[in-house]
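Data first, discussion second: the structure below is written as structure tokens.
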Number of protein chains: 2
Amino acid sequence: MFETEGGAANPQAMRLAMLKAVRLKLLRLGSATKAELSRSAGISFPTVGKLLDRMVKDGEAKVVGLDESSGGRRALRYAMNPEHVLGLAVFLERDETVFAVFDCLGDVKERGRRASVLDEGPDALAELVREIVRAYPKIGATAIGVPGAVNGGRAFHIPDYGKFRDFDLAAYFEERLSMPAVVENDMNAAVIGYRDRSGGTAGPPVVYLYLGKNGPGAGLLVNGDVVRGSTFFSGEVSFVPLDRDRSFERALDEEGGPGRGRDPLPPGAVEAIARLVASLAAILNPGEVVFNREEASGETLAAIAAKGAEYVPAEHLPRLVASDWTQDYLLGLQRLALDLLMAKEH
Amino acid sequence: MFETEGGAANPQAMRLAMLKAVRLKLLRLGSATKAELSRSAGISFPTVGKLLDRMVKDGEAKVVGLDESSGGRRALRYAMNPEHVLGLAVFLERDETVFAVFDCLGDVKERGRRASVLDEGPDALAELVREIVRAYPKIGATAIGVPGAVNGGRAFHIPDYGKFRDFDLAAYFEERLSMPAVVENDMNAAVIGYRDRSGGTAGPPVVYLYLGKNGPGAGLLVNGDVVRGSTFFSGEVSFVPLDRDRSFERALDEEGGPGRGRDPLPPGAVEAIARLVASLAAILNPGEVVFNREEASGETLAAIAAKGAEYVPAEHLPRLVASDWTQDYLLGLQRLALDLLMAKEH
DNA sequence: GACACTTTTTAAACGCGTTTAATAAGTATG
DNA sequence: CATACTTATTAAACGCGTTTAAAAAGTGTC
């Protein structure tokens with residue numbers, strides 16, 4: 001369907017949208033014939049044909065064989081060429097900067113770590129990226145994950161790191177490195193990655209809950225979109241009032257016990273989380289609440305679910321899932337970079 | 001911009017989207033020249049011209065005068081013809097059924113009330129609508145508001161009214177009355193109406209909070225879309241855990257005092273609402289939380305805000321607004337019917 | 001091994017929005 | 001009152017996706 005408010009809907013944009021659709025479908029399907037693509041993407045056969053022929057000529061896609069005949073002429077089977085473009089994910093963390101180079105299939109080509117650039121500023125980050133791009137000239141887009149609030153994928157402000165505060169990193173990258181870039185908050189990237197890994201459809205809301213040593217936080221997905229809030233404060237669940245005079249964060253702190261935030265959580269922490277999950281269910285009614293599996297899994301999740309059912313009817317409680325946070329975070333950034341890559345002109 | 005997943009993006013759909021955009025812009029602007037429409041809708045001048053000429057020929061729009069010259073040829077000014085199509089809003093309530101006929105400017109042509117059809121079933125509703133349409137043959141779309149969960153604007157189930165449970169009312173209307181119809185939950189319709197009245201842009205999340213005699217509920221708007229949740233349970237804030245062992249609803253009940261749910265709320269209720277608002281702020285971070293002004297306004301809202309600031313930093317608290325629930329509800333249904341009307345072919 | 005039947009692929013004609021150029025309708029000024 | 005300058009409107013040419021028809025490439029059967 002179309003979205004008119006705001007953006008222009010010219011034929012050129014239509015072409016680009018269709019190109020993107022074909023690319024994404026071909027990626028998701030692994031390989032496909034023109035007829036399959038036409039059907040699954042809802043685009044007419046001739047258009048798919050022209051787009052795909054062009055992609056093959058450019059080296060972006062390639063013929064991988066002939067299908068068995070189903071009674072008539074045998075169809076050619078196409079697949080994306082993973083060597084054609086690469087993406088870059090950069091994780092800006094407090095004590096280090098991690099990066100990963102990957103192809104459009106998601107295979108990581110190289111991983112690396114450097115000293116944190118958060119204190120240094122944007123120039124240091126740009127220098128690092130320039131260096132990586134020298135080694136992998138086929139990199140065509142960058143996704144940057146940050147532990148702070150992000151506005152529209154562009155500007156962001158991190159409380160303690162003045163050099164990046166309210167800095168439009170995407171525009172800076174576009175100008176200095178002539179490469180498209182997205183910036184996204186770490187929790188939001190993780191929830192995007194999780195959603196992508198488990199189906200990828202819009203579906204019901206998803207909440208990614210991170211308990212964390214530096215205070216809990218959450219990434220929210222509603223109708224397929226990240227929730228940012230009016231002051232970029234959404235997901236700051238540490239402030240949710242829990243008991244008569246305790247916030248979620250304080251309750252977690254006080255009930256944390258000796259092993260503070262590691263899997264077998266003490267009953268007090270389970271209770272606090274159950275109440276938060278119940279609140280989420282009664283407000284957003286997510287289909288899933290995802291936990292970092294190092295912080296909560298198996299038995300703990302079952303305990304949380306049991307407690308939560310005391311507040312909210314069990315059929316309306318979300319499925320509680322344990323997942324690999326680091327992997328989801330990477331996947332989210334990959335998805336974001338891939339979206340950029342796929343939206344580019346030939 | 002475009003949205004490819006799912007829907008086909010053919011030129012015809014493009015035409016329809018543009019037609020809709022021109023209609024909505026013309027409605028919002030009241031009157032406009034072709035150049036103004038072209039600029040504000042992001043559509044090229046010739047296209048706006050063709051569309052508008054056609055609309056004038058069909059009687060849908062009309063010339064309302066010539067602009068003063070701004071140095072050159074004077075521009076023709078156009079406006080929608082409010083007599084061309086009408087919309088119908090039907091409110092299915094527990095003890096009565098209310099309807100309103102209105103034109104595309106939102107002016108209500110007629111209001112009426114009948115005995116509730118919730119016990120009778122869909123056929124009684126269809127008969128009522130048929131009767132109204134006989135009196136106003138220009139009605140081209142219907143929006144139906146119900147006090148129950150709605151799925152994708154089509155099917156819905158109300159706990160106590162079996163005849164409507166899981167019934168696809170939209171399809172039924174399309175088939176029997178050959179008229180497009182939407183069905184929407186009352187709280188969701190109200191929040192859509194409020195959003196529409198106060199700007200109408202997508203903007204930050206909005207929550208419409210209704211305390212209600214039959215238990216509180218909320219309508220949520222995120223990124224411009226209604227939040228429905230995985231089991232259509234979103235907004236059921238009565239279940240939010242508040243104190244050590246009380247839900248929001250029980251707290252409200254016990255603290256309600258003698259005047260139960262009327263404007264000067266007792267301190268206990270204010271406290272409960274403040275905690276709920278704080279939870280909303282920490283999870284969704286809405287820009288506004290709207291109250292029925294008969295339940296809370298002025299002083300009460302100030303008290304809630306003051307209390308809320310004890311839990312969440314004041315700058316991240318939503319603006320608390322008192323509004324007219326009935327009017328917002330009507331406006332929401334009008335907007336939904338209008339969306340249908342505007343999306344139709346000539 | 002030629003003929004009928006499928007299925008894939010290519011080609012032509014059409015609709016629609018856009019860009020670019022041309023025309024029409026005013027205003028200001030000498 | 002005629003000429004230059006602005007602004008609005010109309011017309012022509014182009015790009016793009018779609019629908020519809022034609023051609024190409026296989027498979028099976030008598």
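What you see below is based on every heavy atom in this structure, not just the backbone, and it leaves out hydrogens, waters and symmetry mates. Just so it is clear, the structure is predicted and the values come from calculations on it, not from any experiment.
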Tell me the interatomic distance from A/Asp67, atom CG, to D/dT27, atom C1', rounded to whole angstroms. 15 Å

B/Asn10 has an atom CG; how far is it from atom C1' of D/dG17, in whole Å? 9 Å

Give me the atom names and distance for the closest heavy-atom approach of B/Ala337 to B/Thr142. CB-C, 4.5 Å

With a 4.0 Å cut-off, would you call A/Asp53 and A/Lys34 a salt bridge? yes

Applying ring-ring contact (aromatic ring centres under 6.0 Å, His included) to A/Tyr78 and not counting sequence neighbours gives none

Charged N to carboxylate O under 4.0 angstrom, A/Asp196 versus A/Arg28? yes

Nearest nucleotide by nearest heavy atom, which residue falls closer to the 5' end of DNA chain D, A/Leu66 or A/Val48? A/Val48

Atom-to-atom span, CD1 of A/Ile43 to C1' of D/dG17 - whole angstrom: 10 Å

In terms of side-chain geometry, is the basic nitrogen of B/Lys62 or B/Glu83 positioned less than 4.0 Å from the acidic oxygen of its partner? no

Spacing of B/Leu51 atom CG relative to C/dT18 atom C1', expressed in whole Å: 14 Å

Taking any heavy-atom pair under 4.0 Å as a contact, classify B/Ser69: base, sugar-phosphate, or nothing. sugar-phosphate

In whole Å, I'd like the distance from the CD atom of A/Gln12 to the P atom of D/dG15. 11 Å

Whole-Å distance separating the CG atom of A/Leu52 from the P atom of D/dG17: 14 Å

Between C/dT8 atom P and A/Glu68 atom CD, what is the distance in whole Å? 13 Å

Looking at C/dG15, I'd like to know if its phosphate oxygens (OP1 or OP2) sit under 4.0 Å from a side-chain N or O belonging to B/Arg15. no

How would you label the contact of A/Ser44 with the nucleic acid (heavy atoms, under 4.0 Å): base, sugar-phosphate, or nothing? base

Would you kindly give the CD-to-P distance between A/Glu36 and C/dT9, to the nearest whole Å? 11 Å

Pair B/Ser31, B/Arg77: side-chain N/O donor-acceptor within cut-off below 3.5 Å: yes

Should A/Glu60 and A/Arg23 count as an ion pair when the cut-off is N to O under 4.0 Å? yes

How would you summarise protein contacts on nucleotides 6-13 of chain D per nucleotide, using B for base, S for sugar-phosphate only and - for none, with heavy-atom distances below 4.0 Å? BBBBBB--

